[in-house]
Visitor: 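My structure is below; once you've seen it, I'll send some questions.
Naming convention: chains lettered A, B, ... in sequence-line order (proteins, then strands); numbering from 1 in each chain. All heavy atoms count here, side chains included; hydrogens, waters and symmetry mates do not.
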Number of protein chains: 2
Amino acid sequence: MRPDTDPQIRHLHLFRDMAQANFAELMSASYVQAFPPGLEMIRQGDPADFLHIVVQGSVELVGQWAGRECTMAVVRPVSTFILAACIRDAPYLMTARTLERTRIVLVPASDLRAMFRRDTEFAVAVINELASCYRSVVRNAKSMKLRNSRERVASYLLRQSILAGGVPAYTLPVEKRLLASYLGMTPENLSRTLRTLETDGVKIDGARVIITDRARLAALAKPDKLIDGPDTHAEESGSGLPAARS
Amino acid sequence: MRPDTDPQIRHLHLFRDMAQANFAELMSASYVQAFPPGLEMIRQGDPADFLHIVVQGSVELVGQWAGRECTMAVVRPVSTFILAACIRDAPYLMTARTLERTRIVLVPASDLRAMFRRDTEFAVAVINELASCYRSVVRNAKSMKLRNSRERVASYLLRQSILAGGVPAYTLPVEKRLLASYLGMTPENLSRTLRTLETDGVKIDGARVIITDRARLAALAKPDKLIDGPDTHAEESGSGLPAARS
DNA sequence: CTCGAAGGTTGACAATAGTCAATCCTGAAC
DNA sequence: GTTCAGGATTGACTATTGTCAACCTTCGAG
C-alpha cells in the first residue's frame with residue numbers, strides 16, 4: 001500500500017506498540033481505496049473481510065431494520081472501524097456509507113487475526129481497543145434508555161462544548177438530520193427541541209451553538225462521567241460522533 | 001479458592017484454551033463470595049478490582065442516572081461480567097445487584113491483566129470474548145433505536161421461544177417489571193402491550209407464554225439475524241437476559 | 001388460615017415523540 | 001445573478017409512551 005499514510009496509522013493505539021516488522025507486514029498486505037461521497041462501502045450482513053481505517057474523509061455507520069435506519073456513529077480520520085466483526089469473522093452489524101470523498105486503508109481480517117497470535121503487544125492493544133469500544137457502546141445504550149430526547153440533546157450540546165475545550169460557542173460537526181438519527185429522534189423533533197432549549201441556556205443559530213448559561217444547561221443535561229465520559233482513547237475508535245471545533 | 005467450582009469455570013470460552021498452570025494460578029489468586037438476595041455487590045463508578053464470575057444464583061446489571069435506572073442484563077451461572085472495566089482498569093459502568101442468593105468467584109483484575117500478556121491463548125480468548133460482548137451491545141442498541149416497544153416485546157417473545165428450542169410455549173425467565181426495564185419501557189406499558197399482542201399470535205397467562213400463531217408474531221417482530229442473533233458464544237458473557245425453558 | 005407485601009393489571013390522563021405537508025433557507029451549479 | 005435541490009423549520013395532527021392511582025393476585029410468614 002501507499003506508505004504516506006503509514007505514520008498516522010502507526011500512531012493509533014491499536015498499532016503503536018507492535019513490532020515495526022509486524023506493522024510493516026500488516027501494511028504491506030493492505031491497500032488503499034478511495035470512495036466517492038454517499039457510497040455504501042459496506043452493507044450490514046456482509047462478511048467482514050477487512051478492517052477499515054479512515055485516513056481521509058468521513059464514514060457514517062448505520063443500523064438498518066425493516067426499512068428504517070439510524071446512525072450509530074461517524075468515523076473521522078485517523079481511526080478504525082468494524083474491528084469486532086473482523087475478529088469474530090462474522091457479518092458486519094452496521095452499514096458503512098461515506099459522507100464525503102473518503103480514503104480507506106483495508107487490512108485483511110485474516111492477517112489481523114494471525115497477527116495478534118504472534119505479537120503480544122498487538123494482542124494487548126486489540127484487547128484495550130475492544131474494551132474501550134464496548135464501554136463506549138454501553139454508555140450510549142445507557143444514554144438511550146435513561147434519558148429522553150430533550151435530555152440527550154442537552155447532554156450532547158454540553159459535551160461537544162467540553163470536547164472542543166470548554167468553549168462557549170462552536171459549530172455542529174455534522175448535519176442536523178444525522179445528529180437527530182444518532183440521538184434516536186426525528187429531524188423535526190430535534191429542530192423543535194433545539195428551539196425549546198433556548199430557555200435553558202443554549203442559543204442555536206443554524207449550525208452554530210452558543211452556550212449562554214452553562215449552569216442551566218448542565219442542570220438539564222446532568223452530565224455523568226459514566227455516560228458522557230471522558231473515556232481514555234475512545235475517540236479514535238469510531239464509536240460516537242466527531243468532536244466539534246469552536 | 002474452593003476447587004469445586006473450577007471445572008465449570010474452566011469450560012468457559014474465556015478460560016478453556018489457556019495453559020492449565022496459568023488457569024490454576026488465576027484461580028488460586030481468586031476467592032468465592034456469597035451474597036444474599038437484593039444486595040448491591042457493585043456500584044457503578046466503583047473501581048474495577050475484580051472480574052466477577054457467577055457460579056450460582058443470578059445478578060442484575062443496571063445502569064443508573066438522575067435517580068432513574070434500567071436493567072442492562074441479567075447474568076446466570078456460569079458466566080463472567082464486567083470484563084471490560086477490569087481490562088481498562090476503569091470504573092464500572094453498571095451497578096450489579098443480586099436477584100437471589102448468589103455465589104461469585106472474584107478474580108483480581110491485576111492478575112487478569114498480567115495473565116493475558118503471558119498466555120497468548122488467554123489473550124486470544126479475551127479478544128474473542130470482548131468482540132462478542134461488543135457485538136451483543138451493538139445489537140441491543142440497534143433494537144432500542146430501530147424498534148418501538150411493541151416490536152421489541154414481540155421480538156423478545158419470539159426469540160425466547162427459539163432459544164428454548166423453537167417451543168410453542170415457555171415460561172418467562174424473569175419478572176415482568178425486570179423485563180420491562182430491560183426492554184426500555186414501564187411495567188404498565190409492557191402489561192398493556194402483552195395484552196394487545198394477543199391479537200398477533202401470542203397468548204400470555206401470567207408468566208406463561210404460548211405462541212398461537214408463529215407466522216403472525218414473526219410478521220410483527222421481523223426477526224433479524226443482525227439484531228436477534230444467533231451469535232456464537234454470546235450467551236455466556238452476560239450481555240442479555242437469560243434464556244427461557246419450556 | 002389469615003394477613004400483608006410486592007408484583008401485576010387496569011383506567012384516566014399527561015407528556016413525549018412521530019407523521020405529513022407546507023414553507024423557508026442556503027449553497028452549489030449554471 | 002438565477003435556479004434548483006436538499007436540508008431545516010413550522011404547524012397541525014396522531015401515535016406512542018409515561019405517570020399516577022386504584023385495585024387485583026399471589027405467595028409466603030406467622
Visitor: Between C/dG8, D/dG7, D/dC20, which nucleotide has the shortest distance from any of its atoms to the side chain of B/E188?
Guide: D/dC20
Visitor: Assign the ring pair A/H52 / A/F81 to parallel, tilted or perpendicular, where the plane angle (0 to 90°) is split at 30° and 60°.
Guide: tilted
Visitor: The side chain of B/N148 lies closest to which of these nucleotides: D/dT9, D/dT17, C/dG8?
Guide: D/dT17
Visitor: How many whole angstroms separate atom CG of A/L179 from atom C1' of D/dT9?
Guide: 15 Å
Visitor: Mind calculating the distance between CZ (B/R150) and P (C/dG18) to the nearest angstrom?
Guide: 18 Å
Visitor: If you count heavy atoms of other groups shown closer than 6.0 angstrom to CZ of A/R208, is the number above 12?
Guide: yes
Visitor: Could you please spell out the steps behind the side-chain contact (heavy atoms from CB on, under 4.5 Å) verdict for A/L179 and A/Y156?
Guide: CA-CA 9 Å; A/L179 176 58; A/Y156 175 82; 3.5 Å; yes
Visitor: Check the distance between D/dG6's C1' and A/L99's CG and give it to me in whole angstrom.
Guide: 15 Å
Visitor: Using atom CG of A/N189 as one end and atom C1' of C/dC20 as the other, report the distance to the nearest whole Å.
Guide: 15 Å
Visitor: Rounded to whole angstroms, how far apart are CD on B/E151 and C1' on D/dT16?
Guide: 11 Å
Visitor: Quick check for you: among C/dT10, D/dA8, C/dT9, whose closest atom lies nearest to any side-chain atom of B/K176?
Guide: C/dT9
Visitor: Has A/R192 got a side-chain N or O lying under 4.0 Å from the OP1 or OP2 atom of C/dA17?
Guide: no
Visitor: Using only side-chain N and O atoms of A/T186, determine if any of them is under 4.0 Å from OP1 or OP2 of C/dA17.
Guide: no
Visitor: Is the closest basic N to carboxylate O distance between B/E69 and A/K142 below 4.0 Å?
Guide: no
Visitor: Given B/Y92 and B/F50, is the ring-ring contact (aromatic ring centres under 6.0 Å, His included) satisfied, shown in steps?
Guide: CA-CA 10 Å; B/Y92 296 123; B/F50 297 96; 9.3 Å; no
Visitor: Please report the distance, rounded to the nearest Å, between CG in A/L178 and C1' in D/dA8.
Guide: 14 Å
Visitor: What nucleotide among D/dG18, C/dG7, C/dT9 has an atom nearest to a side-chain atom of B/E175?
Guide: C/dG7
Visitor: Once you round it to whole Å, what is the distance between C1' of C/dG11 and CZ of B/R195?
Guide: 13 Å
Visitor: Take atom CG of A/L190 and atom C1' of C/dA17, then tell me their distance rounded to the nearest Å.
Guide: 12 Å
